[in-house]
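Please read these numbers as outputs of a predicted model, since none were measured by experiment.
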Amino acid sequence: MEMTINGRNVSVTDRFREYVDEKIDKVDQLATKIQRLDIKVTKEQHARNADSALTVELTVLGRGPAIRAEAKAADKFAAFDTAFAKLLERLRKARDRRKVHHGTRTPKAVHEATSGLEPAASSIPLHESTRLAQQEEEARLAEEAALNGAPPIEIRRKVFPAETMSVDDAVDRMEMIGHPFYLFVDAATGAHSVLYARKTKGDQQYSYGTITLDPDATDEATVETRGYREAAPVNA
């Protein structure tokens with residue numbers, strides 16, 4: 001497995017490289033056909049909180065979708081340890097899902113199969129992702145900017161290539177990168193859709209929803225409700 005380490009606004013020391021080398025064998029143990037592990041270390045030059053000044057982003061690349069994790073800390077070693085633990089957990093879950101999907105036994109319900117999965121990260125992975133904690137931080141910064149007379153609102157637009165897949169595959173992709181939502185083209189309908197994590201009460205820990213825009217629709221409607229990898233949907 002090839003490994004690359006890049007630093008932005010921070011030097012990557014030989015000690016850090018040696019530290020990483022001692023740990024990455026665990027990645028090969030949990031996943032096969034991995035081609036590269038990319039590690040990006042970033043230091044925020046004007047960080048308001050020293051405890052989150054260093055960010056380490058990890059991306060596993062190979063056959064299939066990329067698996068990502070990231071963490072912030074006061075130093076790159078601590079940030080790496082936290083991000084690496086998240087990455088290993090996502091690799092384990094991806095391996096277990098492959099066993100369930102390709103095995104002969106009946107798949108578990110998604111809340112059972114992912115009951116130990118760590119909730120979506122509250123920081124931004126490669127190319128600036130997580131949304132929830134980031135939105136709170138941006139709101140706080142916007143309020144401060146408004147008090148200081150600076151423009152309070154920034155709108156950033158990103159464009160990604162459209163990829164067609166099933167809703168179940170979109171669930172897998174979203175969990176692997178730790179996002180609270182995922183954009184995709186629904187293979188069943190051909191429509192551009194958004195998958196998102198829903199908050200639920202009771203025993204069901206993991207629940208998901210999809211949103212699709214239809215120019216011919218006259219009102220909000222729930223089309224179907226079904227289980228993860230369930231062949232026959234249950235009309236709602």
Side-chain angles (χ1 to χ4, degrees), residues 1-8 12 17 20-21 23-42 55-72 76 79-102 110 113-114 116-134 156-187 192-197 206 208 210 228-229:
M1 177 181 64
E2 179 186 354
M3 181 182 71
T4 64
I5 305 179
N6 296 305
R8 181 180 179 185
V12 178
R17 292 179 184 275
V20 172
D21 283 335
K23 292 178 174 284
I24 61 171
D25 286 345
K26 294 181 180 179
V27 173
D28 277 327
Q29 295 171 10
L30 289 172
T32 58
K33 302 178 181 178
I34 291 178
Q35 298 173 352
R36 194 170 81 243
L37 171 63
D38 287 344
I39 302 172
K40 182 180 177 182
V41 184
T42 304
T55 302
V56 172
E57 302 168 346
L58 308 177
T59 305
V60 169
L61 301 170
R63 296 183 182 178
I67 300 179
R68 298 188 177 102
E70 79 151 47
K72 296 177 182 288
K76 53 182 173 286
F80 173 81
D81 285 343
T82 303
F84 193 63
K86 293 179 181 179
L87 181 69
L88 294 181
E89 183 66 17
R90 287 171 188 163
L91 288 170
R92 289 190 190 98
K93 294 302 178 183
R95 180 193 60 186
D96 293 344
R97 282 195 298 273
R98 286 194 299 270
K99 290 180 180 179
V100 170
H101 184 45
H102 297 294
V110 67
T114 61
L117 185 67
E118 182 178 328
S122 59
S123 50
I124 304 180
L126 273 165
H127 311 305
E128 308 163 335
S129 303
T130 72
R131 313 294 187 207
L132 298 180
Q134 181 65 11
R156 180 175 299 173
R157 182 174 185 267
K158 294 184 179 180
V159 178
F160 296 92
E163 189 170 358
T164 301
M165 65 185 72
S166 68
V167 174
D168 299 305
D169 287 340
V171 169
D172 293 344
R173 296 285 187 91
M174 187 175 76
E175 290 178 353
M176 283 190 287
I177 60 176
H179 286 194
F181 67 87
Y182 193 82
L183 296 169
F184 69 106
V185 178
D186 192 336
H192 289 74
S193 304
V194 177
L195 173 76
Y196 64 96
Y206 288 87
Y208 304 88
T210 59
Y228 174 77
R229 301 285 179 193

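Between Arg92 and Glu89 there is a salt bridge, with a side-chain nitrogen of the basic residue lying less than 4.0 Å from a carboxylate oxygen of the acidic one.
Under the 4.5 Å side-chain criterion, counting only non-hydrogen atoms from C-beta, Phe184 is in contact with Ser193. In this structure the side chain of Val12 reaches within 4.5 angstrom of the side chain of Arg17, judged on heavy atoms. When side chains are defined from C-beta on, Met3 counts as touching Asp21, because their heavy atoms get closer than 4.5 Å. Residues Val171 and Tyr182 form no side-chain contact, since every pair of their non-hydrogen atoms from C-beta on lies 4.5 Å or further apart.
Here the closest heavy-atom approach between residue Met176 and residue Ile67 is recorded as O-CG2, 3.4 Å. Taking both residues in full, the closest heavy atoms of Ala69 and Leu87 are given as CB-N, 3.7 Å, listed atom of the first, atom of the second, then distance. The two residues Ala71 and Ala79 have their closest heavy-atom pair at CB-O, 3.5 Å. Taking each heavy atom of Phe80 and Val56 in turn, the nearest pair found is N-CG2, 3.8 Å. Listed here is the closest heavy atom pair of Tyr208 and Ala197: CD2-CA, 4.3 Å. Contact between Ile24 and Phe84 at its shortest, heavy atoms only, is CA-CZ, 4.1 Å.
Rounded to the nearest 0.5 angstrom, Met165 CE and Asp186 CG are separated by 10.0 Å. Residue Leu195 holds its CG atom at 10.0 Å from CG of Asp172, rounded to the nearest 0.5 Å.
Side-chain N or O atoms of Arg90 include one that pairs as donor or acceptor with a backbone N or O of Arg68 at under 3.5 Å.
Few gaps surround NZ on Lys23; more than 12 heavy atoms of other groups in view lie less than 6.0 Å from it.
Here the options are Thr59, Ile39, Asp38, the test is side chain to side chain contact (heavy atoms under 4.5 Å, CB included), and the partner is Thr4; only Asp38 passes.
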